[in-house]
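The structure appears right after this line, and notes come after that.
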Amino acid sequence: MEAPPYARIVEVIRGRIEAGDLAPGERVPSTRGIVAEFGVAMATASKVLGALRRDGVVRVVPGVGTVVAESEATTPSRTRRDSPDAELGRAAIVRAAIRIADAEGIDALSMRRVAAALGAGAMSLYRHVPGKDELMLLMRDAVFAEFPLPAAVPPTWRAALELTARAQWRLYRRHPWLARTTSLTRPYAGPNQMPYSEWNLRALSELGLDDDVVFLLHLSLFSFVHGSAASLEAEGREEADTGLTGHQWLEQREEATRSVFGSGAFPVSARVFGAPDLTLDLDRLFEFGLARLLDGIEQYAAQGPPGSSSAGATCQA
């Protein structure tokens, strides 16, 4: 007898874990991801994750989602103290902290927790890192090294800004905790982050605008990507806490929402939110918002600042 669809998908994901494609602490596909990849219903996708949880293959981490559980099948047999990270140093501490934040969320991070992961005493970490605040700054900078910018700069300012914005979006997707640790008002000039700033400022400077306007546009771009990414972390935390995807949560509240819209007090909202093809796809929202923001920058540069008698440099978007 042929196995049901959910069971076949369970074996596919289990195979990826056993092959090492999904490591302990790494997020497995969400229900939405399973629906997209395998073309099954949301209920089937939920059944897949439920089966993997019952088998102890995965676990739910608040603030992160469903991740591969540590077990004899997924964890190397060597002891923690035999790990290369046991040789304490700043780089090893930062790597361990990133693994913890990825697997358990930034709220689980502490100097004691990192020390335990490295098989070391908590106080020994302070010889290399002054404290948790400094550690989070180092973590932020370290993950930017995962997406180095290319040597060849795109031919237009718009393409250059699209490249960095999308790279940062992928970075936030890989490390959702990053949005919680990044500040607009307290920037950190890390060696891996600064190339992004330099790249964006150089691209914006091609528009012939004053430096203060270039600065404001640079921060506006950062705020857009960072603000969009905050929803990634929040959604992962909610899904882990409730066991419901965003789609499932909306389905549960459908009757209450319908009663509000059915009152007739909000006709435009009822029409727009009731569109049959409406989806809360964060990737689509990011791409749409980025395009409109760059459109606005292009128009602003072409017209010049308000009250200016001359436009900025001709835009080659």
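S46 and Q248 are linked by a side-chain donor-acceptor pair at a separation below 3.5 angstrom, with hydrogens and angles left out of the test. D283 and W169 are linked by a side-chain donor-acceptor pair at a separation below 3.5 angstrom, with hydrogens and angles left out of the test.
Looking only at side-chain heavy atoms (C-beta outward), I13 and I34 come within less than 4.5 Å of each other. Counting heavy atoms from C-beta outward, L207 and V214 have side chains that stay 4.5 Å or more apart. L163 places a side-chain heavy atom less than 4.5 Å from the side chain of P150. At least one side-chain heavy atom of R292 sits less than 4.5 Å from a side-chain heavy atom of D295. M139 is listed as a side-chain neighbour of L109, based on a closest heavy-atom distance under 4.5 Å. P176 has its side chain within reach of R27: a pair of non-hydrogen atoms, C-beta onward, lies under 4.5 Å apart. The closest side-chain heavy-atom distance from R8 to F38 is not below 4.5 Å.
Separation of atoms CG (L138) and CG (D133) is listed at 11.0 Å; rounding is to 0.5 Å. Between N200 atom CG and L217 atom CG the span is 11.0 Å, to the nearest 0.5 Å. Rounded to the nearest 0.5 Å, atoms CG (L49) and OG1 (T44) are 11.5 Å apart. A distance of 12.0 Å separates OG1 of T164 from CG of L171, quoted to the nearest 0.5 Å. The CD1 atom of I17 sits 5.5 Å away from atom CG of L22, with the distance rounded to the nearest 0.5 Å. The distance from the CE atom of M136 to the CZ atom of R180 is 9.5 Å, given to the nearest 0.5 Å.
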- Message: Is there a side chain to side chain contact (heavy atoms under 4.5 Å, CB included) between L209 and Y300? Walk through the geometry before answering.
- Response: CA-CA 10 Å; L209 300 168; Y300 180 89; 4.2 Å; yes

- Task: Could you walk me through whether I297 and W157 pass the side chain to side chain contact (heavy atoms under 4.5 Å, CB included) test, one step at a time?
- Result: CA-CA 11 Å; I297 292 174; W157 66 268; 4.0 Å; yes

- Take R284 and E287 through the salt bridge (Lys or Arg N to Asp or Glu O under 4.0 Å) test and state the conclusion after the steps. CA-CA 5 Å; R284 180 171 178 245; E287 286 293 338; over 6 Å; no

- Item | Audit row: V225, L221, side chain to side chain contact (heavy atoms under 4.5 Å, CB included) steps and yes/no | CA-CA 6 Å; V225 181; L221 280 165; 5.7 Å; no

- Message: I'd like to know whether V28 forms a side chain to side chain contact (heavy atoms under 4.5 Å, CB included) with V67, so could you lay out the CA-CA distance, the side-chain angles of the two residues, the decisive distance to 0.1 Å, and finally the verdict.
- Response: CA-CA 5 Å; V28 300; V67 304; over 6 Å; no

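Applying the ring-ring contact (aromatic ring centres under 6.0 Å, His included) test to H226 and every residue at least two apart in sequence or in another chain returns F222. With sequence neighbours excluded, no residue forms a ring-ring contact (aromatic ring centres under 6.0 Å, His included) with Y6. Applying the ring-ring contact (aromatic ring centres under 6.0 Å, His included) criterion to W199, with sequence neighbours excluded, gives no partner residue. R16 pairs by the salt bridge (Lys or Arg N to Asp or Glu O under 4.0 Å) definition with E37, not counting sequence neighbours.
Under a cut-off of 6.0 angstrom, the local environment of CG in D212 is crowded, with over 12 non-hydrogen atoms contributed by other residues, nucleotides or ligands. Residue R202 places its CZ atom among more than 12 non-hydrogen atoms of other residues, nucleotides or ligands, all under 6.0 Å distant.
Criterion: ILVMFWY side-chain heavy atoms under 4.5 Å apart, direct or through other members. Under it, F215 and M194 are not part of a common hydrophobic cluster. The hydrophobic cluster containing F288 does not contain L161, counting ILVMFWY residues as joined when their side-chain heavy atoms lie under 4.5 angstrom apart, directly or transitively. The cluster map of Ile, Leu, Val, Met, Phe, Trp and Tyr, joined by side-chain heavy atoms under 4.5 Å apart, puts L184 and W177 in the same cluster.
Contact check on E254 versus R258 returns a salt bridge, with a Lys/Arg side-chain nitrogen under 4.0 Å from an Asp/Glu carboxylate oxygen.
Checked by atom type and distance alone, the side chain of S263 pairs as donor or acceptor with a backbone atom of V260 at under 3.5 Å. Counting only distance, with no hydrogens or angles, the side chain of D102 and the backbone of H175 share no donor-acceptor pair below 3.5 Å. A distance-only check finds a donor-acceptor pair linking the side chain of D141 to the backbone of N192 [under 3.5 Å].
A pairwise comparison of heavy atoms in R140 and R186 identifies NH2-O, 4.1 Å as the closest pair. For the residue pair T66 and R53, the shortest heavy atom distance occurs at OG1-NH1, 4.1 Å. Closest approach of A108 to R113, counting heavy atoms only: O-CG, 3.7 Å. In plain terms, the two heavy atoms of I106 and K132 that are nearest each other are O-NZ, 4.5 Å. Heavy atoms only, all atoms of each residue included: A291 and R158 are closest at O-NH2, 3.2 Å. For F286 against A165, the heavy-atom pair with the smallest separation is CZ-O, 3.5 Å.
For Y196 and F144, the ring centers are positioned less than 6.0 Å apart.
For residues 115-128, no residue pair satisfies the side chain to side chain donor-acceptor pair (under 3.5 Å) rule, not counting sequence neighbours.
Hydrophobic cluster membership of M42, counting Ile, Leu, Val, Met, Phe, Trp and Tyr whose side-chain heavy atoms lie under 4.5 Å apart directly or via other members: V35.
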